Structures are given as structure tokens and as C-alpha cells.
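Quick caveat: nothing in here was measured; it's all calculated off a predicted structure.
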Amino acid sequence: MGAAADGPPATYLFFVDPTPPGVTCMQYHLGILTAALGSEEKAKAAIIYNYKNVVSGFSARVTPAELEAIKKQPHVNRALPSATLQLMSSNFDGVS
């Protein structure tokens, strides 16, 4: 199934189990993506950023079918679409 039939790619945030000892977060996240996408090349092309300090996870640009494959991985806890929010006002009762 090609990208045209699958739908356009979008950016998602994936929250995963903590990185195991002795493995870098990049290796861990690429491993999860490689298992879901079928190749390390696809995984490296999809991944945008690794999160490790406050949460364990990564952001990646994937198609709807790839999203479903990633969500089925045992170490993936949650997937959320990435969104940019706009501040409606910078005036909070005189506090700036």
C-alpha cells in the first residue's frame, strides 16, 4: 500500500516505556520504529526528536498505517498528534 492510498503523513508524539539500562534512548526508539516500519532506514527518516528527561518517547512523521503499526508495539503506551498551540493573550490581569 503506497502513501497516496494510505493517507498523508503527520507528526505524532509517542510515549514509550523507559529506556532499558545500557541502551541509549535513540537506539531504543529506533528499535521500536524499525520493528513497526520494517527497516532502520524508514525509522531514521521518520524520527524527529527523542524525549528522555521528563518523559520517555519520541516524535515521528508517519502515515496512518504506520501509526497503527507503531501503536501495536509492546513498549508504546500512547500516541498523540502533535499540535502547535497559539497563546490567545499575553495579558493576564496585568501580569506579563
Side-chain angles (χ1 to χ4, degrees):
M1 179 182 291
D6 181 26
T11 303
Y12 287 85
L13 304 174
F14 297 93
F15 298 92
V16 300
D17 293 341
T19 303
V23 179
T24 68
C25 75
M26 180 62 134
Q27 291 171 323
Y28 180 56
H29 299 158
L30 278 176
I32 292 169
L33 273 175
T34 298
L37 304 183
S39 79
E40 190 172 314
E41 279 183 21
K42 286 183 181 180
K44 286 182 177 180
I47 200 159
I48 296 170
Y49 193 81
N50 295 287
Y51 301 94
K52 62 181 180 177
N53 294 325
V54 176
V55 297
S56 178
F58 58 91
S59 59
R61 188 160 176 80
V62 297
T63 65
E66 291 169 338
L67 169 65
E68 292 308 312
I70 296 166
K71 287 169 43 175
K72 291 178 183 175
Q73 296 302 303
H75 301 291
V76 175
N77 299 313
R78 189 163 190 189
L80 297 173
S82 180
T84 301
L85 304 176
Q86 298 291 326
L87 185 61
M88 293 176 64
S89 172
S90 61
N91 184 2
F92 299 98
D93 294 327
V95 177
S96 55

Original post:
With sequence neighbours left out, what residues match Y51 under side-chain contact (heavy atoms from CB on, under 4.5 Å)?
Top reply: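 In terms of side-chain contact (heavy atoms from CB on, under 4.5 Å), with neighbours along the sequence ignored, Y51 is linked to L13, Y49, V55, S59.
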Original post:
Among all residues two or more places apart in sequence or in another chain, which pass the side-chain contact (heavy atoms from CB on, under 4.5 Å) test with A69?
Top reply: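 Counting only residues at least two positions away or on another chain, A69 forms a side-chain contact (heavy atoms from CB on, under 4.5 Å) with A36.
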Original post:
CG/N50 to OH/Y28 distance, rounded to the nearest 0.5 angstrom?
Top reply: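 N50 atom CG to Y28 atom OH measures 12.0 Å (nearest 0.5 Å).
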**OP:** Drop me the distance from I47's CD1 to T34's OG1, to the nearest 0.5 angstrom.
**Re:** 9.0 Å
**OP:** Please report the shortest heavy-atom distance between P8 and P64, naming the atom on each side.
**Re:** O-CD, 3.6 Å
Subject >> Closest heavy-atom pair and its distance - V62, A46 >> reply: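 Closest heavy-atom pair between V62 and A46: CG1-CB, 4.3 Å.
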Original post:
Taking side chain as C-beta onward, heavy atoms only, is L33 less than 4.5 Å from F58?
Top reply: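 Of all side-chain heavy-atom pairs linking F58 with L33, at least one is under 4.5 Å.
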Original post:
Heavy-atom distance under 4.5 Å between the side chains of I70 and Y12, does that happen here?
Top reply: no
Original post:
Quick one: side chain to side chain donor-acceptor pair (under 3.5 Å) partners of D17, sequence neighbours excluded?
Top reply: H75, N77
Subject >> side chain to side chain donor-acceptor pair (under 3.5 Å) against S82, all qualifying residues, sequence neighbours excluded >> reply: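 Applying side chain to side chain donor-acceptor pair (under 3.5 Å) to S82 gives none.
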Using the rule that Ile, Leu, Val, Met, Phe, Trp and Tyr join whenever any side-chain heavy atoms are under 4.5 Å apart, tell me whether [X] and [Y] fall into a single cluster.
X   : Y   : answer
I32 : V23 : yes
L80 : V54 : yes
M26 : L37 : yes

**OP:** Would you mind listing every salt bridge (Lys or Arg N to Asp or Glu O under 4.0 Å) that reaches into residues 57-77, with sequence neighbours excluded?
**Re:** E68-K71
Original post:
Which salt bridge (Lys or Arg N to Asp or Glu O under 4.0 Å) pairs, counting each pair once, include a residue from residues 31-54, with sequence neighbours left out?
Top reply: E40-K44
